[in-house]
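What follows is a set of notes on a single structure, which appears directly below.
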Amino acid sequence: MTNLHSSKVLSVKNISVSAGDEPIVKDVSFDLYSNEILTLMGPSGSGKSTLLRVLNRLADLESKLNVTGDVTCCGKSIFENYSIYFLRKKIGLVFQKPCIFPGSIMRNVLFGVRHHLKLDRKEADGLAEEVLKKAHLWDEVKDRLNKSASILSLGQKQRLCFARVLAADPEILLLDEPTSSLDPHSTHEIEEALLEMKQTKSIILVTHQLAQGRRVSDRIVFLSSKEGVGRLIEQGSVEDLVSCPKTKELKRYLISEV
Amino acid sequence: MGILVFVSSKAILSKPTFPFSVTGAFSLIFTLVSLLFFCGMALFLLIQGSPIFFQEQLSFITDADWFYRINQYGAASMIYGTILVSFLAIVLSLPFALGSAILTSEFLPNSIRVYVKSFIELLAGIPSVVYGLLGVLFLRPLIFKWFAPFSPESGDTLLTASVILAVMILPTVMSLSEDALRGVSKEHREVALSLGLTRLETFVHGVLPRAIPGIIAAVLLGLGRALGETIAVYLVIGRADNRLSDSLFSLKPLFEAGQTITSKLGGSELYIAYGEPTHWSAMIGLGLILFVFVGVIVAMGEAVNWLGRKYQHG
Amino acid sequence: MKKIGWIVLAILLLPSILNAKEGEVKIKIQGSTTVNPVISEAAEILRAERGWTIYVDTQGGSSGGISAVGEGFVDIGMISKPISEADRNKYASANFESFKIGIDGLALVVSQPVWDSGIQFLSKKQIQQLYERKILNWKELGGQDSKVVFYNKEPGRGTWEVFSNWAYGSYKNSPLVAHPEVGANEEAKNKVAFHNSAITQLSYAWAENSERIKAIGIQLPTGESVMPTKETIMSGEYPLSRSLFLVTNGKPTGYQKEFIDFILSDRGQELVKKYGYLSVR
Amino acid sequence: MVSSIRIWKNQLFILLVYLSGFITVSLLFLGFILLLSKGFQSLSLEFLLSPMREGGISGGIFYQILGTLILAITTLFIVFPLSMGFALVKSIYIQKAFVKKTMELFLYILNGIPSVLFGIFGFFFFVKYLGWGKSWFTGGFLLAMMILPTTTLALSEGINRISSEYIENGLALGMRKTQIIFSIILPQSFSSFLSGVLLGLARAVGETAPIMFTATIFSGATIPTGVKESPILSLPYHIFNLVQESYHPQALSNAWGSSLVLIMLVILISGIALPFRLRAHEEAKV
């Protein structure tokens, strides 16, 4: 049951994506409400990541992809009346593989936001501390902020990327299987951070781990690939889908994951 | 909420100050400056160099005698000089360049290899006028003494010019060939050696086939540089016009003074030619011929690279 | 990039901006390497004493000097031959004013071994045969048995023109030959000195008392021979001589006139003598 | 039993390789040492700092060194932005592969153009047509154009080595194209660009043909003022003149001294390039 009083932040209406003439995702529609964690779940190859890249228009870059259907954010279509840069500031994306820019931890955290805002020394430090705390990385790096970021562990690097996205204060957060290659401790930290983040932001999490989906998300959108094309199978709250799956694809998936 | 509320209310920078990207504009301007210059140069060579071809047709290339005082222009002896000197330079430098490239890439341990390689790259950077100095002071008397039985006209001969060019392009050809040889991964060598092949067979069958395109590209680059070299050749070639030997393969011209296109262009005849339309056009015509030579060499280099890439994956 | 871009655009536009700044004394001289030593040293003296900026360029020899003055790129041209009609027609718009600043003999110099083997006097006929490669070995003239190498001055050079006028009446009807060419006097002297059987045309001042090369005498049609010395050149007994000129386009004014006057002054003529030329005094 | 012919051929191959390698390296080393020793004999502080006198026979080479440095700085100031612009247009702003390939071929052809053609075109266009006469700016500009292909290719190779992951992350953070260029692309390709620029500069400093007709004169030039008719002296052209006077022992020793100073300059510039080349090499491996 969606909490009724919260407003619709993002709605995806019959989005289809095809590479040349060969479809990847077919006719997917779902809504994202404010202060909610929505999980896109399904076996790999069901177009989850492609769909995510449509939401912050990274898909525009790959010339061979063409996207039909519409996505509206706060009532306005993201393809027409949004400057692409403002859109990406508003909708943050955390990639699966952490990508650290050369330079110190501090420089990495502020890498995105310093292109959007003019921050003096004090504001920058304050902002960095704020987002590093939100990403549960502050205690592990607070005394070596000026050291090179490349010495961090994989889990720490991913949380640093998470902090970097948070620094621009996006309203919506997209995460593309953020913990798939991380150690349990980092995975737990990120999941904790996501739950805290729910108070102020709306989050779409892509994962193929059922356990993570159950632990973290409010609602689940289950995607699966039929004849090689990703389709929306079912969507609903965690309890509805897990306890009484309606479609056989979801049933087979639940059995294989458990 | 602390800093974050404050942050989101700050003036958002992402709105651009100019309607178009300034960097893009400047990059375009600078690219245009470069393109304009080089098109201007190509046009200059074509427009100013072509009248001589119309006036003399092919005899400008086939005729050997160049007497500008009676407006008779024949570039054959210079073309012959340029080709002979450049190819002889490659022939003289190749065995040594390849030999030392093989030595450093196949046999030398890494510690020594780094020193030899950086020393050779240093030599590649030595200006050509310094090679000219060495040529004039040491090579010229040497050639005059050693080849006395062939009764060389003087120390300044086509042979001297070829040797100077060979020494000049040796470092470049060697370091590029060595890069080509090092480009072949160590596995190839280990696999071949483990199959019981000798070092020679490993090199010939394991390493060489994959390195050939790189080596050919290195040779072509060396040839391009030899063709274009002016100052060192000007100092040691003797600058005698109209020296075209009757038979192409006789050794005699090697021991006589001669002239290449670059040594003619580098001389003071340019000052005399300016103002005389036909004479000037003949000089620029020489430049055009040189430009075509170099264009062919570069095209061959590109073709070799392209073929190399195609068969590398094939 | 924005900042760098503006700076660089300024640099590219620099030419028009900067050349407004003139005013400082600048004399530009170009021409023959024969006249160059005197003028270069004079320029050094004037630069030291009066702070003038005097550019001296020797590319192209005399013809380079004439063309530079004719086209107005240079204020004064240094030439080691009189201005010929051809020069005047080529630059019709310029009216050349020439000032004689010295006299120089023109010697045919041979390598020391050639001189030692007995070649010390040559008639005009013999010189013509050498020039036209009709004589290829010194032994045909009674010298050592070695191939003659004739280093010919580049046709644009004043020295060559004076030699051709003497040998063939006018340089126009001198035969078309293909000898190894030499440009500046330094190069000519250098190549003959390093060779053992070479000959070339060289200003007498350069040939005087230097090792490894010897200036040969001319056998006059009357049979007697004359060696090039300062006296025989001055008296005209030695046939091969020419004057050294400074050339301007139109009447020289201001600093150019002062420069020429300095060369013609006693101190200037001292320099002329210092480098082995004969003073016009 | 491995046939003896194979063994014998192998030994011959190894002998030949060692022989040719040894001869080459030792001859070049000997030549280099000779160059240094002759040069050092005639090197003195007075030689470096005093102006030229008597046409190079006596006096020093101060203004020659100064002229060469002026040329080098002008070349650097011109080639740096031009090749950066060219490489950015070629690698980033132009999308179509065909246009990228033609621009690259364009650069390869330009890289092969002999330097004397730059001299002649400069002589015709700048000295005579524009009427600038001999000017340091023309010399700097021509040398910059001559090494432009090398520097541009160095930068575009550096750019092509940057993994798209970095750029994608930059885009995902909502950065504009210009911001991506300046905070991701250029910083990561800068070391290979700088090594290309410095190696190009080392070559340009030693060139004589392009500046002979357009920028240098025999004597008299000190510090150029303005651009029109403001020639300079330069080390390579000075050596070129002295070589032709090498019968004169003093001129010869000055030639050795000037050559040594020029080589020192080339080594200095290539030396500065070394750390950047090594870093660029590391980046290539990553």
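Values below: every heavy atom of this structure, side chains too, minus hydrogens, waters and symmetry copies. By convention in this document, chain letters (A, B, ...) are assigned in the order of the sequence lines, proteins followed by strands, and residues within each chain are numbered from 1.
Listed by chain and residue number, A/E129 satisfy the side chain to side chain donor-acceptor pair (under 3.5 Å) test with A/K133 (two or more places apart in sequence, or in another chain). Scored by the side chain to side chain donor-acceptor pair (under 3.5 Å) test, A/S46 finds no partners at all (sequence neighbours excluded). Partners of D/V17 according to the side chain to side chain contact (heavy atoms under 4.5 Å, CB included) rule, which considers only residues two or more places apart in sequence or in another chain, are B/I102, B/L103, B/F107, D/F13.
For A/I100, the part lying under 4.5 angstrom from a heavy atom of chain D is the backbone only. Heavy atoms closer than 4.5 Å to chain D are found in the side chain of A/F95, but not in its backbone.
When each of A/C99, A/G92, A/G112 is checked for heavy-atom pairs under 4.5 Å with chain D, A/C99 comes out on top.
Taking CG of A/L152 as the reference point, atom CD1 of A/I105 lies at 4.5 Å (rounded to 0.5 Å).
Of the residues listed (A/L55, A/L38, A/D31), the one engaging A/L10 in a side-chain contact (heavy atoms from CB on, under 4.5 Å) is A/L55, and it is the only one. Under the side-chain contact (heavy atoms from CB on, under 4.5 Å) test applied with D/V205, the options D/L235, D/I269, D/L69 reduce to a single match, D/I269.
Taking the ring centroids of D/F190 and D/F276, they lie at or beyond the 6.0 Å cut-off.
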Note each donor-acceptor pair with a separation under 3.5 Å, taking one atom from chain A and one from chain D.
from   : atom 1 : to     : atom 2 : distance (Å)
A/R53  : NH2    : D/E168 : OE2    : 2.4
A/K97  : NZ     : D/E165 : OE1    : 2.9
A/H115 : O      : D/Q179 : NE2    : 3.0
A/H115 : NE2    : D/S183 : OG     : 2.6
A/H116 : NE2    : D/L173 : O      : 2.8
A/R164 : NH2    : D/N169 : OD1    : 3.2

